[in-house]
Amino acid sequence: MSKEIERKFLVANDGWRAQARSGKRLRQAYLAATGAAAIRVRIADDAVAFLTIKSATPGMSRDEFEYEIPVADAEAMLAMRVGEIIEKVRYAIPCDDGDLTVDVFSGANAGLVMAEIELASEDVVPALPDWIGDEITRDRRFYNANLAECPFGSWATDAR
């Protein structure tokens, strides 16, 4: 088991694009989401797949269990999903304080651009670039499991 410690932010502008490394196309779906955990299947660039279980604890720190699985199995699991398939392109951005990524959503969540930074501990206060917008770490509406059930495009005209 690993502990995922991350903070999430809306992206305020396209300033990140100049620093971004090539994007990775992700498709993911939730097989179950309860008050205790979410079970997700993810396919990256149609080449590798993972089954992930994350605790549903609100905030920065969550337990995470992740296992590589055959892509064919993941494709079959997508049909067993709850809600929409989450589609996004993930870009890595160099950062001294942790792994910074920007997710550009498409499909039912088109219009949402979110940044995440994974940290070594909750005590780290990262130096954030000026293109980072409002923090949404504790806002459950922006958890991917919730975006599968209630897509961004259906509720967030004022959050764009």
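Residue numbers count from 1 along this sequence. All values reported here derive from a predicted model rather than from experimental measurement.
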S.K.: What pairs with A44 under side-chain contact (heavy atoms from CB on, under 4.5 Å), at least two apart in sequence or on another chain?
M.R.: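 If we apply the side-chain contact (heavy atoms from CB on, under 4.5 Å) test to A44, skipping adjacent residues, the hits are K24, L26, V48.
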
S.K.: Could you walk me through whether E64 and K54 satisfy the salt bridge (charged side-chain N to carboxylate O under 4.0 Å, His left out) test, starting with their C-alpha distance in whole Å, then the side-chain angles of each, then the deciding distance to 0.1 Å, before giving a yes or no?
M.R.: CA-CA 5 Å; E64 180 179 69; K54 282 189 181 188; 3.7 Å; yes

S.K.: Regarding R141 and E149, does a basic nitrogen lie under 4.0 Å from an acidic carboxylate oxygen?
M.R.: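 Judged by the 4.0 Å cut-off on N to carboxylate O distance, R141 and E149 do not form a salt bridge.
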
S.K.: Step by step, would you call E68 with R42 a salt bridge (charged side-chain N to carboxylate O under 4.0 Å, His left out)?
M.R.: CA-CA 9 Å; E68 189 169 347; R42 174 184 281 169; over 6 Å; no

S.K.: Run the salt bridge (charged side-chain N to carboxylate O under 4.0 Å, His left out) test on R7 and E135 for me, step by step, so that the C-alpha distance in whole Å, both residues' side-chain angles and the decisive distance to 0.1 Å come before the verdict.
M.R.: CA-CA 8 Å; R7 291 176 64 189; E135 183 162 8; 2.7 Å; yes

S.K.: Would you find a donor on one side and an acceptor on the other, under 3.5 Å apart, between the side chain of N109 and the backbone of F152?
M.R.: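 A pair under 3.5 Å: yes.
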
S.K.: Is a side-chain N or O of N146 found less than 3.5 angstrom from the main chain of R140, in a donor-acceptor match?
M.R.: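 Yes; judged by distance alone, with no hydrogens or angles, the pair exists.
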
S.K.: Is a side-chain donor-acceptor pair under 3.5 Å present for S61 with E122?
M.R.: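 Note: E122 and S61 side chains meet the donor-acceptor criterion.
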
S.K.: Carefully, step by step, assess D45 and R25 under the rule salt bridge (charged side-chain N to carboxylate O under 4.0 Å, His left out).
M.R.: CA-CA 5 Å; D45 289 332; R25 184 174 159 265; over 6 Å; no

S.K.: Provide the closest heavy-atom pair for A108 versus P151 in the form atom of the first, atom of the second, distance.
M.R.: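 Minimum heavy-atom contact is O-CB, 3.3 Å.
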
S.K.: Residues two or more places apart in sequence or in another chain: which of them pass salt bridge (charged side-chain N to carboxylate O under 4.0 Å, His left out) with D134?
M.R.: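 Salt bridge (charged side-chain N to carboxylate O under 4.0 Å, His left out) check on D134 returns nothing, list empty.
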
S.K.: Tell me whether M60 is reachable from M114 by hopping between hydrophobic residues (I, L, V, M, F, W, Y) whose side-chain heavy atoms are closer than 4.5 Å.
M.R.: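 No, M114 and M60 fall in different hydrophobic clusters.
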
S.K.: What are the two closest non-hydrogen atoms of Y91 and V104, and how far apart are they?
M.R.: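 Residues Y91 and V104, closest heavy atoms: CE1-CG2, 3.9 Å.
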
S.K.: Taking all atoms of both residues into account, what is the closest heavy-atom pair of V11 and A115, and its distance?
M.R.: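 Smallest interatomic distance, heavy atoms only, reads CG2-N, 3.7 Å.
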
S.K.: Can you name the salt bridge (charged side-chain N to carboxylate O under 4.0 Å, His left out) partners of E118, sequence neighbours left out?
M.R.: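 Expected list: none.
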
S.K.: So, the side chain of R81 versus the backbone of L78: is there a donor-acceptor pair under 3.5 Å, distance only?
M.R.: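 At least one qualifying donor-acceptor pair exists.
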
S.K.: Taking the six-membered ring of Y143 (Phe, Tyr or Trp), confirm whether the NZ or CZ of R62 is under 6.0 Å from its centre and within 45° of its axis.
M.R.: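 Yes - R62 lies over the ring of Y143, closer than 6.0 Å to its centre and within 45° of its axis.
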
S.K.: Measuring only between side-chain heavy atoms, which start at C-beta, is L119 closer than 4.5 Å to E6?
M.R.: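 Sidechains of E6 and L119: no contact.
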
S.K.: Between T137 (side chain only) and K8 (backbone N and O only), is there a donor and an acceptor less than 3.5 Å apart?
M.R.: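 Yes: the side chain of T137 pairs with the backbone of K8.
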
S.K.: Using the rule that Ile, Leu, Val, Met, Phe, Trp and Tyr join whenever any side-chain heavy atoms are under 4.5 Å apart, tell me whether I43 and I53 fall into a single cluster.
M.R.: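 Yes: a chain of side-chain contacts under 4.5 Å links I43 to I53.
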
S.K.: Would F142 and W155 count as a close aromatic pair, with their ring centres under 6.0 Å?
M.R.: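 Yes - the distance between ring centres of F142 and W155 falls below the 6.0 Å cut-off.
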
